[in-house]
There are 2 protein chains.
Amino acid sequence: MRDAAPQGTYKVQALDRAFAVLDLLGESDTPLGLAQVASSLQLHKSTAHRFLMVLERHRMVERTSTGKFRLGLRLFDFGNRAIEQYDLRDRAQPHLRRLVAETEETAHLCILEAARVIYIDKIEPARSVRMITRIGASNPVHCTSVGKAILAFLPEERAAEVVRRIRFERFTHRTIATAEALRTEMEKTRRRGYAVDDEELEEGLRCIAVPLLDAQRQPVAAVSISGPSFRVTAQKLPAIANHLLQCVRGISVDMGYISTGRGNRATWSA
Amino acid sequence: MRDAAPQGTYKVQALDRAFAVLDLLGESDTPLGLAQVASSLQLHKSTAHRFLMVLERHRMVERTSTGKFRLGLRLFDFGNRAIEQYDLRDRAQPHLRRLVAETEETAHLCILEAARVIYIDKIEPARSVRMITRIGASNPVHCTSVGKAILAFLPEERAAEVVRRIRFERFTHRTIATAEALRTEMEKTRRRGYAVDDEELEEGLRCIAVPLLDAQRQPVAAVSISGPSFRVTAQKLPAIANHLLQCVRGISVDMGYISTGRGNRATWSA
DNA sequence: ATAAGCTTCTCAAAATATGGGACCAGCGTC
DNA sequence: GACGCTGGTCCCATATTTTGAGAAGCTTAT
């Protein structure tokens, strides 16, 4: 209803509607009244009301003192359970902190899903202008350093699959706009070992990322450093890349992807 | 279906079922197959399948390589949006970090919902045994320091309302078991300015908490320090309480609840 | 006071989800 | 290597569930 048609052969109207409601509330930065929800979603008052009541019972939404609705904390609970399974986040955090201390710029930890990268964690340096990214949010692969870092080290087929799904949306005049250009960029990335987003997503923002490889040498995530272009200059990139590489190495060890010593157990096959 | 009857007059079967599915997946620490989901929830394969497909389309669940289901990252996204509105978390984090550095024990940030406290954030000291709490999880008010800290400073009516909702479940032999006992504990808490949970939730775990008051002097959250009883000794409590008080003061300032200087804008009324 | 706007509730109509069951695929066993 | 299982996908007539019109209650602004 809201974003794109509920394509797919399986349909449960109630769910589509419920999620549309949650989406709407999540999108809005101010709580919404019943009437607003109903009209935004073209639902009848009565229907919207019932949904909201049920969602409230499940604590998926909650009411402010004025009776308006906003997202509920049950979602927060679910969300945390959802990433828990990837305990990557927890393990990576200390390493990211060190990275931020070293570089004095914002670090992100991301994973790939479909043709988008999802921000799993963000660490900001002590005093810096707050970056706008929100943990849990996502961006297209083709215009982010993290996306490119993962993509570049994915096996041919899977990479192709991802590229096929990209809608080459443009954000700045530097945004990579064709699969072709992306392909050569991947080459470059592989050669130098790190990916760069040079104001391709946002004017004035430069990012650099390296992939985190699991025991099978498959990229499962990426770590990046982002900052204003005037601070994250081209000259500094190699040095930052080094910090990044050390950081992911640390995470890999912690995750058990690479053993520190030698006499280690054989690699698993998932 | 799952936990308690879907009471309440408003009903949307599909939603109850969908959430039951999510719940199940969230509860399980290993991905589940269609058959498992269907039988656990007493749904027909066919129905469970349809739900899972729809949930997958919405990225509320995702499939592992083996075809099993687990919670999806969309939930992570929603969850983060949900707490964003309380930007308390972000603002409090630096202060909590300092607190942890000072005390070398685990700090929690919690808010009250109904008769439970929800863990909004957790910071652990550099090297410590991992605490079992999960961010997003919740505990009853009557057996947590944070719960008591908030409760004690709530206006009479609201506190009574909360107490009325408590089911005095026992966890250890020290758990407060009656409204009466809780009431006197509240007195004590108010007098000394901080709340203590002395192995009331878990054997060997001692916690201490102070409330975070908003501009109207209403408790909106609580900050606690938790640790093994042998480290967090009775003698140390006052000292820790001091750190806690400084911490919440810092947060209050950051949130604009208390102005540092004098000539400030009038207080709002929500 | 009065009206406008928003929310809550009821109920008959009908569209929606349901689940029985067929079909298919993979796996472990014999 | 074949067989039988268990587990997953798909289709469709049925009836259960959701739907939404509208009436009634509230709240807030005029």
Side-chain angles (χ1 to χ4, degrees), chain A residues 1-2 5-25 28 30-72 268-270, chain B residues 1-2 5-25 28 30-72 268-270:
Chain A
M1 307 250 126
R2 190 113 223 292
Q7 27 140 328
T9 87
Y10 300 95
K11 204 182 160 196
V12 175
Q13 194 194 53
L15 285 190
D16 287 335
R17 288 179 165 187
F19 292 139
V21 169
L22 292 180
D23 231 343
L24 182 69
L25 293 176
S28 154
T30 140
L32 301 175
L34 166 61
Q36 291 170 287
V37 172
S39 77
S40 301
L41 265 37
Q42 317 221 66
L43 293 178
H44 280 249
K45 285 183 302 182
S46 160
T47 305
H49 181 246
R50 187 156 22 85
F51 271 98
L52 286 166
M53 296 313 266
V54 174
L55 288 171
E56 188 187 18
R57 176 152 47 74
H58 286 279
R59 296 184 20 235
M60 304 304 267
V61 308
E62 58 186 38
R63 313 193 73 161
T64 63
S65 42
T66 71
K68 294 191 183 297
F69 298 89
R70 65 170 166 197
L71 294 183
W268 306 74
S269 96
Chain B
M1 309 245 126
R2 193 111 221 294
Q7 24 138 332
T9 86
Y10 300 95
K11 204 183 160 194
V12 176
Q13 194 195 54
L15 285 190
D16 287 335
R17 288 178 164 186
F19 292 139
V21 170
L22 293 181
D23 231 342
L24 182 69
L25 293 175
S28 154
T30 141
L32 300 175
L34 167 60
Q36 292 170 287
V37 172
S39 77
S40 302
L41 265 37
Q42 318 221 63
L43 292 179
H44 280 249
K45 279 191 304 184
S46 166
T47 307
H49 182 247
R50 188 156 20 85
F51 271 98
L52 286 167
M53 297 312 268
V54 174
L55 287 171
E56 188 187 17
R57 177 152 44 75
H58 285 280
R59 293 185 22 237
M60 304 304 265
V61 309
E62 58 186 40
R63 314 193 73 162
T64 64
S65 41
T66 72
K68 295 193 183 296
F69 298 90
R70 65 169 165 197
L71 293 184
W268 305 74
S269 98

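Protein chains get the first letters and strands the later ones, always in sequence-line order, with residue 1 at the start of each. Any value given below was found using the heavy atoms of this structure, including those in side chains, with hydrogens, waters and symmetry copies removed.
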Treat primed atoms plus P, OP1 and OP2 as sugar-phosphate and everything else as base, then score nucleotides 25-30 of chain D 5' to 3': B for base contact with protein heavy atoms under 4.0 Å, S for sugar-phosphate contact only, - for none.
------
Across nucleotides 13-20 of chain D, 5' to 3', mark each nucleotide with B, S or - according to how protein heavy atoms within less than 4.0 Å reach it.
----SSBB
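In this entry the distance linking CZ of F69(A) with C1' of dC6(C) reads 11 Å, nearest Å. The nearest whole Å value for the distance from the OH atom in Y10(A) to the C1' atom in dG19(C) is 14 Å. With rounding to whole Å, K68(B) atom NZ is found 6 Å from dG8(D) atom P.
Between H49(B) and the phosphate of dT9(D), there is a side-chain N or O to OP1/OP2 separation shorter than 4.0 Å.
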Which protein N or O atoms sit under 3.5 Å from an N or O of nucleotides 22-29 of chain C?
none

Atom pairs, N/O to N/O, protein against nucleotides 3-5 of chain C, distance under 3.5 Å?
none

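By the side chain to side chain donor-acceptor pair (under 3.5 Å) test, R59(A) is found to be paired with E113(B), residues two or more places apart in sequence or in another chain being considered. Residues forming a side chain to side chain donor-acceptor pair (under 3.5 Å) with H49(B) (at least two apart in sequence, or on another chain): none. For E62(A), the side chain to side chain donor-acceptor pair (under 3.5 Å) test picks out R70(A), Y86(B), with sequence neighbours left out. Taking S39(B) as the reference, nothing meets the side chain to side chain donor-acceptor pair (under 3.5 Å) condition, with sequence neighbours excluded. In this structure F69(B) satisfies the ring pair (Phe, Tyr, Trp, His ring centres under 6.0 Å) test with no other residue, sequence neighbours excluded. Residues meeting the ring pair (Phe, Tyr, Trp, His ring centres under 6.0 Å) test with F51(B), sequence neighbours left out: none.
Closest approach of S40(A) to L24(A), counting heavy atoms only: CB-CD2, 3.8 Å. Here the shortest heavy-atom pairing between P31(B) and T64(B) reads CG-CG2, 3.6 Å. Of all non-hydrogen atoms in L25(A) and L71(A), the two that sit nearest each other are CB-CD2, 3.8 Å. For the residue pair A18(B) and L55(B), the shortest heavy atom distance occurs at O-CD1, 4.3 Å.
Side chains of V61(B) and L22(B) form a contact here, defined as non-hydrogen atoms less than 4.5 Å apart. When side chains are defined from C-beta on, T47(A) counts as touching R17(A), because their heavy atoms get closer than 4.5 Å. Side-chain contact between R57(B) and D16(A) is present, with heavy atoms from C-beta onward closer than 4.5 Å.
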